[in-house]
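Accompanying notes for the structure given below.
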Amino acid sequence: MLLVALLEFNRMGLGHSCRIEQWLAAVFGAGVIPLLLNAGAVALMPFYTFVFLLLAILFLFRFESLEQVHRQFGWLLFGLLYLPLLLGHLMPLRLLDHGRRWIFLTLLVIMACDTFAYFIGSAIGRRKLYPAVSPNKSLEGALGGLAGAVSGVFAAKLCFAPFVGWLDGLAVGLLLGTLGQLGDLFESLLKRACGVKDSGSIIPGHGGLLDRLDSLLFAFPVVYYLARYGYGG
């Protein structure tokens, strides 16, 4: 999933240029997941150092347009932070005592947030939330998304996450609902900057894989630190 999302991200910003560099950045970025599983976060510094130097040397001798090097190189490095670093938190989260339950809680909350936001926004949405970035989203839909996120936390508590209290569950729902929508808006910002409607077309009617992951990218890192330090792992 991370490999495909990175390929979509690189193509979104670079088009058909730097094909080799796009693929290398995506492959090495996807390698962050097994790296975290087998070596832990301590291996990220030498790994990212190697990838940076490799891409820098490739651009030094393979650049297509001197005036575009900084933008192309910067976009690839940005992708290596945006996707692998954020989604990579899934590995240490899964290894926590209740890690699998936290992952399913996050998925449920984000899906509920997206669903409530869509239907409430479609039904009663009048005031634009952020038209410069996402003209179709409404303030009413965003508030509905927060209600859906809180409902998702409480559903998870009743079904498989009893360690989440009612009061802190409310806070967790509001936090994840906010982060999920911010993650979605951030990806919309990038798409508008690149002049594309969707990151890809792998999912008919829904765009690319990155379009499905955008909300989770902002949520999973916070869930990991919340579960690790707020709930003692």
Side-chain angles (χ1 to χ4, degrees), residues 1 5 81-83 85-192 206-207 209-233:
M1 290 176 62
L81 290 176
Y82 176 43
L83 284 157
L85 191 63
L86 296 182
L87 198 62
H89 282 80
L90 269 172
M91 290 310 306
L93 176 61
R94 174 62 182 86
L95 296 176
L96 296 178
D97 291 340
H98 296 298
R100 178 179 294 179
R101 298 185 185 191
W102 277 110
I103 291 173
F104 280 112
L105 181 148
T106 307
L107 293 172
L108 179 59
V109 167
I110 296 300
M111 286 189 291
C113 178
D114 289 345
T115 302
F116 274 60
Y118 175 76
F119 284 107
I120 292 178
S122 299
I124 63 173
R126 297 294 181 270
R127 289 168 288 186
K128 298 296 184 182
L129 178 65
Y130 199 176
V133 169
S134 187
N136 294 326
K137 289 184 172 59
S138 65
L139 178 60
E140 293 83 359
L143 295 175
L146 292 180
V150 172
S151 300
V153 173
F154 291 155
K157 171 181 172 55
L158 293 174
C159 295
F160 57 84
F163 49 84
V164 178
W166 293 104
L167 186 59
D168 55 309
L170 173 64
V172 169
L174 292 174
L175 177 62
L176 294 187
T178 300
L179 288 169
Q181 295 187 71
L182 289 175
D184 182 53
L185 285 172
F186 182 71
E187 199 233 351
S188 295
L189 173 70
L190 297 178
K191 289 190 293 187
R192 288 183 73 83
H206 293 277
L209 190 58
L210 179 57
D211 295 319
R212 300 298 92 203
L213 292 175
D214 53 8
S215 299
L216 294 168
L217 290 172
F218 276 34
F220 274 131
V222 174
V223 171
Y224 166 70
Y225 295 113
L226 180 65
R228 175 66 178 86
Y229 299 106
Y231 286 82

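The model shown is predicted, which means the values in this text are computed figures rather than measured ones.
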Evaluate the criterion side-chain contact (heavy atoms from CB on, under 4.5 Å) for residue pair E187 and L213; output intermediate values, then yes/no.
CA-CA 10 Å; E187 199 233 351; L213 292 175; over 6 Å; no

So F154 and L170, side-chain contact (heavy atoms from CB on, under 4.5 Å) or not? Walk me through it.
CA-CA 8 Å; F154 291 155; L170 173 64; 4.3 Å; yes

Can you measure from CD1 (I120) to OG (S138) and round to the nearest 0.5 angstrom?
9.0 Å

Could you go step by step and tell me if L105 and L176 meet the side-chain contact (heavy atoms from CB on, under 4.5 Å) rule?
CA-CA 10 Å; L105 181 148; L176 294 187; 4.2 Å; yes

Look up atom CG in L189 and atom CG in D214, then write down how far apart they are to the nearest 0.5 Å.
12.0 Å

Tell me if a side-chain donor or acceptor on K137 pairs with a main-chain N or O of L129 at a distance below 3.5 Å.
no

Keeping the roles fixed (side chain from R192, backbone from A132), state whether a donor-acceptor pair exists under 3.5 Å.
yes

Shortest non-hydrogen contact between P221 and L216, atoms and distance
CD-O, 4.3 Å

Spacing of CG belonging to L210 relative to CE belonging to M1, to within rounding of 0.5 Å:
10.5 Å

Report the relative orientation of the aromatic rings in W102 and F163; use parallel for angles under 30°, tilted for 30 to 60°, perpendicular for over 60°.
tilted

Check the pair L190, Y82 against side-chain contact (heavy atoms from CB on, under 4.5 Å), reporting the backbone distance first and the verdict last.
CA-CA 11 Å; L190 297 178; Y82 176 43; 3.9 Å; yes

Inter-residue atom distance D184.CG - R212.CZ, 0.5 Å rounding:
8.0 Å

Hey, is the main chain of G145 close enough, under 3.5 Å, to the side chain of Q181 for a donor-acceptor pair?
no

Enclosure of F186 CZ (heavy-atom neighbours >12, cutoff 6.0 Å)
yes

Is the number of heavy atoms from other residues, nucleotides or ligands within 6.0 Å of OH (Y118) greater than 12?
no

Atom NE2 of H89 and atom OH of Y225: how far apart are they, to the nearest 0.5 Å?
3.0 Å

In terms of heavy-atom contacts, G177 and C113 come closest through O-SG, 3.8 Å

Taking atom CZ as the centre, does F119 end up with more than 12 heavy-atom neighbours from other residues, nucleotides or ligands that are less than 6.0 angstrom away?
no

What's the separation between atom NZ in K128 and atom CD in E140, rounded to the nearest 0.5 Å?
10.0 Å

For the residue pair L93 and A227, what are the closest heavy atoms and their distance?
CD1-CB, 4.2 Å

All heavy atoms of F220 vs all of L107, minimum pair found to be CZ-CD2, 4.2 Å

For a quick test of reading the model, state the closest non-hydrogen atom pair linking L108 to A155 and the distance between them.
CD2-CB, 4.1 Å

Do the ring planes of Y229 and Y224 sit parallel (below 30°), tilted (30 to 60°) or perpendicular (above 60°)?
perpendicular

Heavy atoms only: give me the nearest L83-A5 pair and the separation to one decimal.
CD1-O, 3.9 Å

